[in-house]
Amino acid sequence: MKSYTYYPGCSSEATAVGLDISARSVAEALGMELKELEDWNCCGSTPYGSLDELEAIVVAARNLALAEKTGLDLVTPCSACFVTLNKARVHMMEKPQLKAKVNEALAAANLEYKGTVKVRLLIEALMADITTQQIAAKVKNPLKGLKIAPYTGCQEVRPRFGFDHPENPVALDSIVEVLGAEVVPYPSKCKCCGGSAVIAEEGLTLELMYRLLDDATKNGAQCIVTPCPLCQMNLDAYQGKVNSKFNAKFNLPVLFVTQLIGVALGLKGDKLGLNKNIINPNKVLAKYL
Amino acid sequence: MGKTQAMNFVNEVSQVPGGEGVNLCMQCGTCTASCPSAKIWEFTPSEIIAMVRADMRDEVLSSSSMWCCLSCYSCTVRCPRDVKPTNLFHSLESLAIKHGYKPQNTNTPAMYNSFVKSIKKNGRVSEFNMMMGYYLSTNPFAALGMMSVAWNLLSHGRMPLSARKIKGKNDLDKIIKKLEDIRGDQ
Ligand code: SF4
Ligand code: SF4
């Protein structure tokens with residue numbers, strides 16, 4: 001069994017609790033040991049860097065320093081944490097003076113970041129270390145006949161820390177296929193859902209979400225699958241608002257990829273946090289649960 | 001360098017983490033053409049970069065433009081000059097805040113503020129506190145329009161009302177305080 005330092009991220013305690021529950025269950029079932037990073041703090045996400053880039057790097061670096069002590073790769077299920085922690089890591093790698101300054105600050109809490117931590121996405125580690133063949137071998141309920149629109153989102157692939165093509169990501173497709181389900185191609189696969197702008201710029205983001213949902217539905221998808229906590233929250237919790245604004249009737253469940261893997265592995269709904277989904281996925285998944 | 005007025009704006013931007021690529025821009029407009037939010041920017045992504053290059057410090061830092069960036073990184077992927085516009089726009093936001101600019105026509109800074117406040121309080125973000133802080137600082141009545149979404153999340157156990165504090169909160173404070181002491185003008 002391979003061990004990893006696990007960084008759940010703040011959304012795992014709230015809006016993306018279903019991601020955390022399912023990630024832990026699936027990792028266990030597939031032989032990945034996730035050891036939660038002791039006393040991790042928020043990575044800072046986009047907002048911290050936008051208000052104070054340098055302080056944001058320092059705040060993210062506390063996590064990197066703590067993780068470095070474990071000697072294990074750090075994996076996170078959250079696309080935004082993945083980008084933010086990697087951004088801090090690369091800034092320090094490329095600018096020794098900046099790293100020295102960060103370390104001077106970290107020393108106030110007896111911490112040091114040497115620069116050896118690997119920050120990885122859970123889903124990437126699943127594919128690279130466990131492999132799709134091994135996942136396929138453990139599938140108990142092949143998702144035959146289920147039509148899925150895979151939605152990778154932006155953060156995971158585009159800043160180029162990613163493992164997949166930035167404008168035509170295929171990793172998620174291959175997971176969906178390995179589970180026996182059918183990938184629905186749709187043109188807006190790589191379009192942004194609006195991210196956290198849904199709070200301050202709701203009008204624009206509802207429009208972006210409408211296009212995605214409309215496109216996935218028109219192409220025959222029965223559900224959307226995503227690895228990203230923000231995409232899931234937007235498309236799931238705001239789907240009703242999209243419906244009212246655009247006079248639409250979408251009723252498209254939005255699953256975390258780990259939830260989907262879990263269903264195929266034969267894990268029970270409560271081990272996957274399926275009851276946390278707002279658009280109820282039970283009807284679509286009934287055959288496989 | 002703090003004597004910002006003495007230094008030209010392009011250099012100032014290029015020294016903020018993320019702003020390094022500003023000099024590489026060749027104004028091809030690919031970022032603007034790729035941007036899903038360009039239509040709500042006061043000046044488009046490529047215009048804002050041109051304005052930085054033209055030393056229009058005040059106009060840039062007071063603009064709401066960069067606050068409309070969704071961090072989708074489409075521009076970063078497509079930029080033929082590796083400007084990394086996404087990071088560049090975030091470095092402009094960072095500069096605007098540092099120098100006390102209060103951009104009009106955007107609530108994004110208020111949202112970001114509320115987010116960071118929540119981190120500074122507990123070491124982690126409480127999404128509930130973040131939202132409350134945001135609506136109280138902008139338009140409490142707008143929160144009413146959010147009731148359906150909030151209820152969706154609350155009733156599905158996705159919006160805990162209480163915040164958890166990390167054990168190392170003091171450590172985090174010390175680290176931030178130390179940075180303040182040593183960062184100089186950065
Ligand atoms: S895509 Fe790059 S080079 Fe072209 S205008 Fe935008 S920042 Fe400049
Ligand atoms: S990262 Fe920001 S500026 Fe670049 S395309 Fe996306 S929303 Fe536009």
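Fair warning: this is a prediction, and the values are worked out from it, not measured in the lab. By convention in this document, chain letters (A, B, ...) are assigned in the order of the sequence lines, proteins followed by strands, and residues within each chain are numbered from 1.
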key: Region of B:M131 in contact with chain A, defined by heavy-atom distances below 4.5 Å   = side chain

query = Heavy atoms, side chains only, cut-off 4.5 Å: are A:T46 and B:Y112 in contact?
reply = yes

key: 4.5 Å side-chain heavy-atom contact, B:L70 and A:L204   = yes

Closest approach of A:A14 to B:P160 (non-hydrogen atoms, all atoms of both residues) = CB-CD, 3.5 Å

task = Heavy atoms only, distances under 4.5 angstrom: which of A:G240, A:G44, A:C193, A:A16 has the most pairs with chain B? Name it, please.
result = A:G44

key: Partner chain B: residue of A:A200, A:A109, A:A105 with the largest heavy-atom pair count (under 4.5 Å)   = A:A105

task = Please look at A:V157 and chain B and tell me whether the side chain, the backbone, both or neither of the residue comes under 4.5 angstrom of a heavy atom of that chain.
result = neither

request  = Count the heavy-atom pairs under 4.5 Å between each of B:H90, B:R124, B:E180, B:K178 and chain A, then report the option with the highest count.
outcome  = B:R124

ask   = Is the number of heavy atoms from other residues, nucleotides or ligands under 6.0 Å of B:M146 CE greater than 12?
value = yes

ask   = Looking at B:N107, B:L172, B:N152, B:D173, which has the largest count of heavy-atom pairs under 4.5 Å with chain A?
value = B:N152

task = Tell me, out of B:S37, B:C69, B:S148, B:S74, who's got the most heavy-atom pairs with chain A below 4.5 Å.
result = B:S74

Structural part of A:E207 lying under 4.5 Å from a heavy atom of chain B = side chain

ask   = B:Y134 versus A:I199: any side-chain heavy-atom pair under 4.5 Å?
value = yes

ask   = Do the non-hydrogen side-chain atoms of A:E104 and B:L179 ever get within less than 4.5 Å of each other?
value = no

query = When rounded to the nearest 0.5 angstrom, what distance separates CD1 in A:I279 from NE2 in B:H156?
reply = 8.5 Å

Nearest-0.5 Å distance, OG of residue B:S155 to CD1 of residue A:I278 = 7.0 Å

Contact leader toward chain B among A:A237, A:P159, A:C10, where contacts are heavy-atom pairs under 4.5 Å = A:P159

key: Nearest heavy atoms of B:P36 and A:C192, plus distance in Å   = CG-CB, 4.1 Å

query = Given that the side chain runs from C-beta out, which part of B:N170 has a heavy atom under 4.5 Å from chain A: side chain, backbone, both or neither?
reply = neither

inquiry  = Taking NZ in A:K189 as the centre, count heavy atoms belonging to other residues, nucleotides or ligands within less than 6.0 Å. Is the count above 12?
reply    = yes

note = In terms of heavy-atom pairs under 4.5 Å with chain A, the winner among B:L95, B:N113, B:T106, B:L153 is B:L153

task = Run the numbers on A:E55 and B:K98 for salt bridge (charged side-chain N to carboxylate O under 4.0 Å, His left out), then give the verdict.
result = CA-CA 12 Å; A:E55 193 171 296; B:K98 180 173 152 194; over 6 Å; no

task = Let me know if B:I97 has heavy atoms under 4.5 Å from chain A in its side chain, its backbone, both or neither.
result = side chain

message = Counting only heavy atoms not in A:K245 (residues, nucleotides, ligands), do more than 12 fall under 6.0 Å from its NZ?
response = yes

message = Under 4.5 Å from any heavy atom of chain A, what part of B:I119 do you find: side chain, backbone, both or neither?
response = side chain

query = For B:I182, is it the side chain, the backbone, both, or neither that has a heavy atom closer than 4.5 Å to a heavy atom of chain A?
reply = both

ask   = Is it the side chain or the backbone of B:T108 that comes within 4.5 Å of chain A heavy atoms, both, or neither?
value = both

Side-chain heavy atoms of A:R62 within contact of B:I166, under 4.5 Å = yes

ask   = With chain B, which of A:G203, A:A56, A:G9, A:G194 has the greatest number of heavy-atom pairs at distances under 4.5 Å?
value = A:G194

key: Top contributor to chain A contacts, counting heavy-atom pairs under 4.5 Å, from B:K84, B:M159, B:K169, B:R164   = B:R164

key: Under 4.5 Å from a heavy atom of chain B, the part of A:L66 involved   = neither

Residue A:E38 versus chain B: region with a heavy atom under 4.5 Å = side chain

Residue A:L208 versus chain B: region with a heavy atom under 4.5 Å = side chain

task = Using non-hydrogen atoms and a 4.5 Å limit, figure out which bit of A:N277 sits close to chain B: side chain, backbone, both or neither.
result = backbone

request  = Determine whether more than 12 heavy atoms belonging to other residues, nucleotides or ligands lie under 6.0 Å from atom NZ of A:K95.
outcome  = yes

key: From SG (B:C75) to CZ (A:R158), nearest 0.5 Å   = 9.5 Å

query = Judged by modelled atom types alone, do A:T15 and B:E127 share a side-chain donor-acceptor pair under 3.5 Å?
reply = yes

inquiry  = Checking side-chain polar atoms at under 3.5 Å, does B:E93 have a donor or acceptor matched by the opposite partner on A:S50?
reply    = yes

message = Sub-4.5 Å heavy-atom contacts with chain A: which residues of residues 16-26 of chain B show up?
response = B:V16, B:P17, B:G18, B:E20

key: Steps toward side chain to side chain contact (heavy atoms under 4.5 Å, CB included) verdict (A:E13, B:V125)   = CA-CA 9 Å; A:E13 297 178 334; B:V125 167; over 6 Å; no

Interatomic spacing from NZ in A:K87 to OG1 in B:T86 - rounded to 0.5 Å = 8.5 Å

key: Side chain / backbone / both / neither for B:K39 at chain A, heavy atoms under 4.5 Å   = side chain

key: Which atoms of A:E201 approach chain B - backbone, side chain, both or neither, heavy atom under 4.5 Å   = side chain

Region of A:K276 in contact with chain B, defined by heavy-atom distances below 4.5 Å = both

ask   = Between A:D39 and B:K165, is the closest basic N to carboxylate O distance under 4.0 Å?
value = no

request  = Calculate, to the nearest 0.5 Å, the distance between atoms CG and CG belonging to B:D171 and A:N110 respectively.
outcome  = 7.5 Å

request  = Kindly indicate whether the side chain of A:V83, heavy atoms from C-beta on, has any atom under 4.5 Å from the side chain of B:Y73.
outcome  = yes

inquiry  = Tell me which of these, B:S118, B:G145, B:A96, B:A110, has more heavy-atom pairs under 4.5 Å with chain A than the rest.
reply    = B:G145

ask   = Between CG of A:L106 and NZ of B:K174, what distance do you get to the nearest 0.5 Å?
value = 12.5 Å

remark   = Most contact-rich option vs chain B, by heavy-atom pairs under 4.5 angstrom, among A:V17, A:L54, A:V59, is A:L54

